[in-house]
Amino acid sequence: MAQKIRIASVEQLGQDPVLRSVEMPECPPGLLCIRMRAAALNFADLLKAKGQYQEPQDPPFLAGLEGAGEVISAPETSDLAPGDRVVVSHPGTMAEVICVPPVACQKMPDSMSFQQAAGFQVAYGTSHLALDGRADLRAGETLVVLGAAGGVGLTAVEVGKAMGARVIAVARGEARLQTVRSAGADEVIDSETCEDLKGALRALGGVDVVYDPVGGKMGEAAFRALKRGGRFLVIGFAGGGAPALPLNHALVKNISIHGFYWGGYRLLDPGALQHSLSRLFSLFEAGKLHPVAGKVLPLEQLVEGYELLRSRKSVGKIVISL
């Protein structure tokens, strides 16, 4: 009798995934067979389920974009072997067993748990490549992180500190502010009570780099607090819409605006992704990064995870245990 595995399948756009029991896949030659142990949820998962992701996929399709697990089998041409613990960056990680190309996997540190590794790549990779590669953040500069208690926001605080920046974290409510303080923020601003974010940032000396996964009026306010020669990183629009950035300010103050989509580097510069992840693993092993899952749920509660992400009630990453 064929072995069964559980998968999370998006079967209709606009609806959350449903759990199915299916036969274990037989991986074609050249692909790795991975026993997934954990997978993370990203804001992109919500967009993909609604058909609004920049890389759309027709249903049915497996949920998930990243995770971690163990190699079951590997092609002879791969540098991976059965039993290796790996991070996986590939569509369809919300399944107990998946088949992926070797380029989608990379060995993870022995000291890193599957739950830590599951949500490490996209969030930390986004922050590191954006801050190091696009914004050229330098030690001693001031970085402001919007939505700093979210999945990518927390990583930007940690990565910014590891790069030697002064970090101002903007988050909502005292509990989240305490979280970002623990992540290393030098200054915090409560977006729930701050009526003039531009003024608050200018009172703290202004900023050199804005890391904006929120968008909307908050992104515009932070943009207006940039110093001459500042850099603005467009990470996402979790607040509901793109900020209306005044381009005349960008011209007069020599401000650079950088759009950043981590997944796009799979085609743009895959070598940069691998180099960045290796650097991040080194920072983790040196004790400078402390990935913590904001919420760990079993696969049976995946829909609850989607609702937590949708309502923005989670602090840090939502990880699904497989």
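Source: prediction; values computed, not measured. Only this structure's heavy atoms are used, side chains among them; waters, hydrogens and symmetry mates stay out.
- In this structure a side-chain-to-backbone donor-acceptor pair under 3.5 Å is present from Thr155 to Ala123.
- Here disulfide bond (SG atoms under 2.5 Å apart) pairs that include residues 169-266, with residues two or more places apart or in two chains, number zero.
- Note that CD of Glu300 is 10.0 Å distant from CD1 of Ile320, once rounded to the nearest 0.5 Å.
- Remark: Arg224 engages Glu220 in a salt bridge (Lys or Arg N to Asp or Glu O under 4.0 Å) (not counting sequence neighbours).
- In this structure, Arg85 contributes its side chain and Pro109 its backbone to a donor-acceptor pair below 3.5 Å.
- Under the 4.0 Å criterion applied to side-chain N and carboxylate O atoms, Lys288 and Glu158 are not assigned as salt-bridge partners.
- Gln106 and Ser278 are linked by a side-chain donor-acceptor pair at a separation below 3.5 angstrom, with hydrogens and angles left out of the test.
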Applying side-chain hydrogen bond (donor to acceptor under 3.5 Å, both in side chains), run through Gln15 and Tyr306 and close with a yes or a no. CA-CA 10 Å; Gln15 295 185 1; Tyr306 269 68; over 6 Å; no

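- When side chains are defined from C-beta on, Glu70 does not count as touching Ile34, because their heavy atoms never get closer than 4.5 Å.
- Judged as a ring-ring contact (aromatic ring centres under 6.0 Å, His included), and not counting sequence neighbours, Tyr53 has no contacts.
- Atom CG of Asp110 has 12 or fewer neighbouring heavy atoms from other residues, nucleotides or ligands inside a 6.0 Å radius.
- For Gln301, the side chain to side chain donor-acceptor pair (under 3.5 Å) partners at least two apart in sequence or on another chain are Glu304.
- Side-chain heavy atoms closer than 4.5 Å link hydrophobic residues (I, L, V, M, F, W, Y) into clusters, and following such links, possibly through other members, connects Val214 to Val170.
- Using a distance-only test at 3.5 Å, with no hydrogens or angles considered, no donor-acceptor pair links the side chain of Ser276 to the main chain of Leu273.
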Side chains of residues 182-189: which donor-acceptor pairs under 3.5 Å do they make with residues two or more places apart or in other chains?
unit_1 : atom_1 : unit_2 : atom_2 : d
Ser182 : OG     : Gln178 : O      : 3.0
Asp186 : OD1    : Lys161 : NZ     : 3.1
Asp186 : OD2    : Lys161 : NZ     : 3.3
Asp186 : OD2    : Val167 : N      : 2.8

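- With sequence neighbours left out, Phe223 forms a ring-ring contact (aromatic ring centres under 6.0 Å, His included) with Phe232.
- In this view, Asn42 and Glu66, Lys317 satisfy the side chain to side chain donor-acceptor pair (under 3.5 Å) rule, not counting sequence neighbours.
- With hydrogens and angles disregarded, no donor-acceptor distance shorter than 3.5 Å links the side chain of Lys198 to the backbone of Ala222.
- If you chain together hydrophobic residues whose side chains sit under 4.5 Å apart, Leu201 and Val157 never meet in one group.
- Screening residues 233-252 for salt bridge (charged side-chain N to carboxylate O under 4.0 Å, His left out) gives no qualifying pairs among residues at least two apart or on separate chains.
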What side-chain donor-acceptor pairs closer than 3.5 Å can you find for residues 95-103, not counting sequence neighbours?
unit_1 : atom_1 : unit_2 : atom_2 : d
Glu96  : OE1    : Arg6   : N      : 2.8
Glu96  : OE2    : Arg6   : NE     : 3.0
Glu96  : OE2    : Arg6   : NH2    : 3.1

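- A donor-acceptor pair under 3.5 Å is absent between the side-chain atoms of Arg37 and the main chain of Gly69, judged by distance alone.
- Under a 4.0 Å N-O distance rule, the pair Asp136/Arg138 qualifies as a salt bridge.
- With a 6.0 Å radius and a threshold of 12 heavy atoms from other residues, nucleotides or ligands, Asp58 has its CG atom at or below the threshold.
- Although no hydrogens or angles enter the test, the distance criterion places no donor-acceptor pair under 3.5 Å between the side chain of Arg134 and the main chain of Phe260.
- Judged as a ring-ring contact (aromatic ring centres under 6.0 Å, His included), and not counting sequence neighbours, the contacts of Phe281 are Phe120.
- Under the rule for a side chain to side chain donor-acceptor pair (under 3.5 Å), the partners of Arg310 that lie at least two apart in sequence or sit in another chain are Asp16, Glu307.
- Under the ring-ring contact (aromatic ring centres under 6.0 Å, His included) criterion, Phe43 pairs with no residue, sequence neighbours left out.
- Under a 3.5 Å cut-off, the side chain of Asp190 and the backbone N or O of Gly173 do form a donor-acceptor pair.
- In terms of modelled atom types and a separation under 3.5 Å, the side chain of Asp208 and the main chain of Thr142 share a donor-acceptor contact.
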